[in-house]
Q: 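Following this message is one structure expressed as C-alpha cells.
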There are 2 protein chains.
Amino acid sequence: MAKYSKIPEATVRRLSNYLKCLDELESKNEKVVSSATLAAMCNVNPAQVRKDFAYFGEFGVRGMGYRIKDLKNHIKDILGINREWRIAVVGIGNLGSAILVYKDFLKQNYKIVAAFDIDPVGVTGRISERLGKPVEILHVDSLKEVVKQRNIEIGIITVPPQEAQKVADLLVEAEVKGILNLSPVPVRAPEHVKIRNLFFTSALDSLVYYLSK
Amino acid sequence: MAKYSKIPEATVRRLSNYLKCLDELESKNEKVVSSATLAAMCNVNPAQVRKDFAYFGEFGVRGMGYRIKDLKNHIKDILGINREWRIAVVGIGNLGSAILVYKDFLKQNYKIVAAFDIDPVGVTGRISERLGKPVEILHVDSLKEVVKQRNIEIGIITVPPQEAQKVADLLVEAEVKGILNLSPVPVRAPEHVKIRNLFFTSALDSLVYYLSK
DNA sequence: AAAAATTTCTCAAGCTTTTAACAAAATCAA
DNA sequence: TTGATTTTGTTAAAAGCTTGAGAAATTTTT
C-alpha cells in the first residue's frame, strides 16, 4: 500500500462496484473470475480492473483469475468496510424511513443505531405502524449526546432542504467523521469532516444529458 | 456546440452541481456570480468552472462574471432539462414511495406520471394514507401499455434486488430511453438504453474509504 | 476620458488516468 | 514432463482532464 502514493477517486468508486458484481457472481456460485469477465460486467476495460487492484497488491492467480471470496475480502479491507460502521439517520420523513429499513445496509457492515427527528412522537407511530414493530426515534435535541454515547461515526441527512445545513452543523458538533447528505441541497463542513452529497436529481440530470443527444 | 467533440463526464456532473449552487445563490437574491465564487462553493478550481462553460459557449461578461439567471438557463439547455421529462416509478415500497412524493422532483422538470407495483391494491392504501390523498398505483403487468400511452421516457427502479433486472427488462421492452436504478444490484440493458445505477452503499463505501485513512 | 481593476476566455503546459502490449507465472492438456 | 494456453502484473505510450498564465473585454474609479 506504499507503492503508490495517490489512488484515483475513480478507482475507489470502481472498487465498490466490483464488490457489487462479485456478490452477483457469488450468488451464482462462481468461485473464480477473470479481469475480462469482471470488466464486462462493470463496463470497464480489463486492464483497468487489473490496474485498480495493482494499486493495492497482487490478488490474482496468473492463468486462472481472481478467487472471488479472497478478492471480496481484499476490496473490503481496502475500502475499510471490514468492520462495523455505526450510523445515525436524521430526518424520519419518507426518505429517512426508507433508509431506516433499507435491507441492503443490514447485509453490509453499515449499522443504523440511531434515528432522529424534530417530531419523534408524531413520526414514531407512523413508522412503527408501517414496520409492524416499534422503532425508537429520538428528538434532534439529543443528537449530540446520543451520537457520542453510541459511538456513531457517520450521519445521514434526510431532512427538508431548509434544515439540511443546520443538521450538518449539528453532526459536525457531535464529532461524526463523515456525512452522507441525501437532502436536495449541498451542505458544507470543515475539512476534517468528509461529505458526500447524493442528489437524485443530479443522477437524472446526467442521465438526461446523454438521452438528449 | 460543435467546437468540442467530446465533453468529459466529470463536466456533466459538475454542471448539475453548479445548478444546485446557483439555486442557492438565487435564493439569497444574488444576481451575478464570478467563477471564483462558484468554484469555492463547489470545491473546484475557478479555471475549471470557466473551462466547463467554455465547452458550450461564452456565457459570462468580462470584468463582471456570470448573470445567474442566464447561466442557469444555459446549463439547463446543455443538460436537456429545459423541458418536461416524464417518469415512471416501479416498486412502491419504502424507497419507491419516498421517491413518489419527493419534493425536489416537482421543482425540476421531472414529472412522475405513473407508479407501478406487483401488489397495487395492498400498497395503495398504505401510501394514500400516508400522503393523505389517493395515489394511483398500477399493476406491473400494465407497465408496457401505460408507459407508451403516457409517453414515459425514464423509469426509476425501486424494487427488491431479485426483481430489479426483470423490471429493467420490462422497461426496455416498453421502450423507455433511460433507467435510474435505485435497487442495490446493478442492472443491465442494451446499448441504446442509458442506465444510471445509484447505490446508497456505494456512496457510503467511498465515504468510508476516505474516513479510514 | 483615461487609467486601474476585474474577470472571462483561450491556449498550452502539466498532470492524471486509461489503455495497450508484453513479460512472467500459473494452469491445463498431452 | 513438456508444451500450449491462459491470465495476471507491469511498463510505457496514449488519451484525457485540469490548471496556470496571459490576452481581451468589460466595469469601476479617478
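Note that this is a predicted model, so its numbers are computed, not measured. Just so we're on the same page: letters track the sequence lines, and every chain starts at 1.
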Q: Might you confirm whether atom NZ of A:Lys76 has over 12 heavy atoms from other residues, nucleotides or ligands at distances under 6.0 Å?
A: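 Count over threshold, so yes.
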
Q: Any N/O pairs under 3.5 Å between the protein and nucleotides 28-30 of chain D? List them or say none.
A:
none

Q: Charged N to carboxylate O under 4.0 angstrom, B:Glu84 versus B:Arg86?
A: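 Yes, B:Glu84 and B:Arg86 are salt-bridged.
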
Q: To the nearest Å, how far apart are B:Ile68 CD1 and C:dT8 P?
A: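 After rounding, the reported distance stands at 12 Å.
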
Q: Taking atom C1' of D:dG9 as reference, at what distance in whole Å does atom CZ of A:Phe56 sit?
A: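 The answer, rounded to whole Å, is 15 Å.
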
Q: So does A:Leu71 get a backbone contact from the side chain of A:Tyr18, meaning a donor-acceptor N/O pair under 3.5 Å?
A: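 Such a contact is absent between A:Tyr18 side chain and A:Leu71 backbone.
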
Q: May I ask you to evaluate whether B:Ser35 reaches the phosphate of C:dT8, defined as a side-chain N or O under 4.0 Å from OP1 or OP2?
A: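 For B:Ser35, the contact criterion (side-chain N or O under 4.0 Å from OP1 or OP2 of C:dT8) is met.
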
Q: In whole angstroms, how far is the P atom of C:dC9 from the CZ atom of B:Phe59?
A: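 That distance rounds to 9 Å.
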
Q: For B:Phe105, is the NZ or CZ atom of B:Lys111 found under 6.0 angstrom from the centre of its six-membered ring and inside 45 degrees of the ring axis?
A: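 The answer is no, since B:Lys111 fails at least one limit relative to B:Phe105.
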
Q: If you assign B:Arg67 and A:Met64 each to the DNA chain D nucleotide with the nearest heavy atom, which residue ends up on the more 5' nucleotide?
A: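 Per heavy-atom nearest nucleotide, the more 5' residue is A:Met64.
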
Q: Applying side-chain contact (heavy atoms from CB on, under 4.5 Å) between B:Leu95 and each of B:Val159, B:Leu100, B:Ile156, B:Leu182, report the one that passes.
A: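 Of B:Val159, B:Leu100, B:Ile156, B:Leu182, side-chain contact (heavy atoms from CB on, under 4.5 Å) with B:Leu95 is met by B:Leu182 alone.
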
Q: Indicate yes or no: does B:Glu26 engage B:Lys69 in a salt bridge with an N to O separation below 4.0 Å.
A: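 Answer for the salt bridge query: no.
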
Q: Reading nucleotides 18-24 of chain C from the 5' end, what letters show protein touch, with B for base, S for backbone sugar-phosphate only, - for no heavy atom under 4.0 Å?
A: BSBB--B

Q: Can you check whether A:Val113's main-chain N or O pairs, donor with acceptor, with A:Arg150's side chain at less than 3.5 Å?
A: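 Side chain of A:Arg150 to backbone of A:Val113: a pair is present.
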
Q: Base, sugar-phosphate alone, or nothing: which one does A:Phe53 contact when heavy atoms must sit under 4.0 Å apart?
A: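 No contact at all - A:Phe53 keeps every heavy atom at 4.0 Å or more from the nucleic acid.
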
Q: Could you tell me whether B:Tyr66 contacts a base, only the sugar-phosphate backbone, or nothing, with contacts defined as non-hydrogen atoms closer than 4.0 Å?
A: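 If one applies the 4.0 Å heavy-atom cut-off, B:Tyr66 turns out to touch the sugar-phosphate alone, with no base involved.
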
Q: For B:Glu58 and A:Lys6, take the nucleotide of DNA chain C holding the closest heavy atom to each; which residue's nucleotide lies nearer the 5' end?
A: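 Its nearest nucleotide lies further toward 5', so the answer is B:Glu58.
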
Q: Taking the six-membered ring for Trp, are B:Phe200 and A:Tyr102 parallel (under 30°), tilted (30 to 60°) or perpendicular (over 60°)?
A: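 The arrangement is perpendicular - the two ring planes meet at more than 60°.
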
Q: Has A:Asp117 got a side-chain atom pairing as donor or acceptor with A:Ile92's backbone, closer than 3.5 angstrom?
A: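 Yes, the answer is positive, given that a donor and an acceptor are paired below the 3.5 Å cut-off.
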
